[in-house]
Amino acid sequence: MTEPAPAQGLRPSELSDAHRDLLALCALRVDDASVDWSLLARTCQTPEGINEVLGGHFPEQSAAARKSLPILLTTLPELAAARERVDAELEAADACGARLVTVLDPAYPANLRLIFNLPPFLFYKGELSERDGRSVAVVGTRGASDAGLRRAARMTRGLVEADVVVYSGLAKGIDTAAHTATLEAGGRTVAVMGTGIAAKVYPAENKDLAAAIVHRGGALFSQFWPTSPPARHTFPRRNVVTSGSTMGSVVIEASNTSGAKMQARLASEHGKLVFLLRSLTDTQPWAKKMLTDGRAIEVAELDDVLSRLGTAAQAQQAGQQRIQLALAGL
């Protein structure tokens, strides 16, 4: 008996009124301020939650809600203009063949639904897969050493052999090595972009790699409006999704100023597993401190990672439990 295909997101033309309302709330702005998108993601997981926010109320008592409420009340009269901006972005997404999945949808990545600062939507190319529940991010510096690139490829090949989906950020260096090694080993890889899904691939040298990821059964994810260009603030936000979408992050090589160090911190805050290669903890004080503080696991061999991973089914079950809590208004 053939297994049913996994649920997928929607084409822009297939969106419901609730989807469009959620996107319009995300598009509301006054000056350079907008309602906290993670707040919207937490409170708008049902049509009822969206209607409550459209009525000028957040069903959450938090600092984020108190800060965002004046912005919401100021911008709600401009909802029609926000809808026009959304329509333009949806046209761009449709033109490049992208789909959309939101917190309203069962297909929203299960691991990502569990974090506190989840995005309200993802535009993507390629396919969603329930296999992504058992996934690991392999990340590190753009300016990787030859030894770091070899370690990234070796770690990635071992993960693929164990049927683990590999996430990374499509950047130069370690990210590129992780995506490339996954494809060469016949595995599934997901690239989380720091730009909009309809924008030019960044860095430009990875345009062919991005196309190969989609063509060979992987996916490109973007939490930004489709036409968003690369910017200083987009890459830290990209790290949130790269961490949140997985069970844990393996940091191969990263200095004190590397974005991969930030991802290790985010993964710890998300309650995810943080794996640091021994070669990293031996040379980087920040990595040694995370280990000493009990916020990371030192990796000397592949089994140090594999032995701690759960199953994709467990991730899906946790995601479904979070949906039920949202339906119950908790």
Establish, from distance only, whether the side-chain atoms of [X] and [Y] form a donor-acceptor pair under 3.5 Å.
{"X": "Tyr124", "Y": "Gln223", "answer": "no"}
{"X": "Ser16", "Y": "His19", "answer": "yes"}
{"X": "Thr141", "Y": "Glu253", "answer": "no"}
{"X": "Asp175", "Y": "Ser168", "answer": "yes"}

Decide yes or no for [X] and [Y]: does some side-chain heavy atom of the first lie under 4.5 Å from some side-chain heavy atom of the second?
{"X": "Val139", "Y": "Asn239", "answer": "no"}
{"X": "Asn256", "Y": "Lys261", "answer": "yes"}
{"X": "Phe123", "Y": "Leu90", "answer": "yes"}
{"X": "Leu79", "Y": "Asp21", "answer": "no"}
{"X": "Ser279", "Y": "Arg151", "answer": "yes"}
{"X": "Trp286", "Y": "Leu276", "answer": "yes"}
{"X": "Ile115", "Y": "Lys272", "answer": "yes"}
{"X": "Val305", "Y": "Val299", "answer": "yes"}

Inset, instruction - Start with the C-alpha gap between Ser13 and Asp94, add the side-chain angles, then the distance that decides, and say whether side chain to side chain donor-acceptor pair (under 3.5 Å) holds. - result: CA-CA 8 Å; Ser13 60; Asp94 198 33; 5.3 Å; no
Charged N to carboxylate O under 4.0 angstrom, [X] versus [Y]?
{"X": "Asp163", "Y": "Arg131", "result": "yes"}
{"X": "Asp282", "Y": "Lys288", "result": "no"}
{"X": "Glu89", "Y": "Arg85", "result": "no"}

Quick one: does any side-chain atom of [X] pair with a main-chain N or O of [Y] as donor and acceptor, under 3.5 Å?
{"X": "Ser145", "Y": "Gly148", "answer": "yes"}
{"X": "Thr182", "Y": "Arg188", "answer": "no"}
{"X": "Arg216", "Y": "Gly186", "answer": "no"}
{"X": "Asn206", "Y": "Leu170", "answer": "yes"}
{"X": "Thr234", "Y": "Ala231", "answer": "yes"}
{"X": "Thr189", "Y": "Val166", "answer": "yes"}

Inset, instruction - Quick one: sort the Phe221 and Tyr167 rings into parallel, tilted or perpendicular, breaks at 30° and 60°. - result: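 Ring orientation of Phe221 relative to Tyr167: perpendicular.
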Inset, instruction - Report the relative orientation of the aromatic rings in His233 and Phe224; use parallel for angles under 30°, tilted for 30 to 60°, perpendicular for over 60°. - result: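 His233 vs Phe224 ring planes: perpendicular.
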Spatial distance of atom [atom1] ([X]) from atom [atom2] ([Y]) [nearest 0.5 Å]:
{"X": "Phe235", "Y": "Thr195", "atom1": "CZ", "atom2": "OG1", "result": "7.0 Å"}
{"X": "Leu112", "Y": "Thr246", "atom1": "CG", "atom2": "OG1", "result": "9.5 Å"}
{"X": "Leu25", "Y": "Ser34", "atom1": "CG", "atom2": "OG", "result": "11.0 Å"}
{"X": "Asn111", "Y": "Asp132", "atom1": "CG", "atom2": "CG", "result": "8.5 Å"}
{"X": "Leu39", "Y": "Leu72", "atom1": "CG", "atom2": "CG", "result": "9.0 Å"}
{"X": "Arg113", "Y": "Asp105", "atom1": "CZ", "atom2": "CG", "result": "8.0 Å"}

Inset, instruction - Can you spot which of Val241, Leu100, Leu128, Leu220 makes a side chain to side chain contact (heavy atoms under 4.5 Å, CB included) with Leu122? - result: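 Exactly one candidate clears the test, Val241.
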Inset, instruction - Would you check, one step at a time, whether the test side chain to side chain donor-acceptor pair (under 3.5 Å) holds for Glu60 with Thr43? - result: CA-CA 7 Å; Glu60 175 181 302; Thr43 57; 5.9 Å; no
Inset, instruction - Might you point out which heavy atoms bring Val101 and Pro109 nearest each other, and give the distance in Å? - result: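 Nearest pair, atom of Val101 first, then Pro109: CG1-CD, 4.4 Å.
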Legend entry - Cation-pi, Tyr202 ring and Arg142 (6.0 angstrom, 45 degrees):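 Judged by the rule, Arg142 and Tyr202 form no cation-pi pair.
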Legend entry - Quiz item: cation-pi between Arg237 and Trp37, 6.0 Å / 45°: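 Yes; both conditions hold, so Arg237 lies above the ring face of Trp37.
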Does [X] [atom1] have over 12 foreign heavy atoms under 6.0 Å away?
{"X": "Asp293", "atom1": "CG", "answer": "yes"}
{"X": "Arg83", "atom1": "CZ", "answer": "yes"}
{"X": "Glu14", "atom1": "CD", "answer": "yes"}

Legend entry - Shared hydrophobic cluster for Met262 and Leu291 (ILVMFWY, side-chain gaps under 4.5 Å):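 No: no chain of side-chain contacts under 4.5 Å links Met262 to Leu291.
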Legend entry - Qualifying residue, where the test is side chain to side chain donor-acceptor pair (under 3.5 Å) with Ser243 and the options are His270, Arg265, Arg238, Gln263: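 Result for side chain to side chain donor-acceptor pair (under 3.5 Å) with Ser243: His270.
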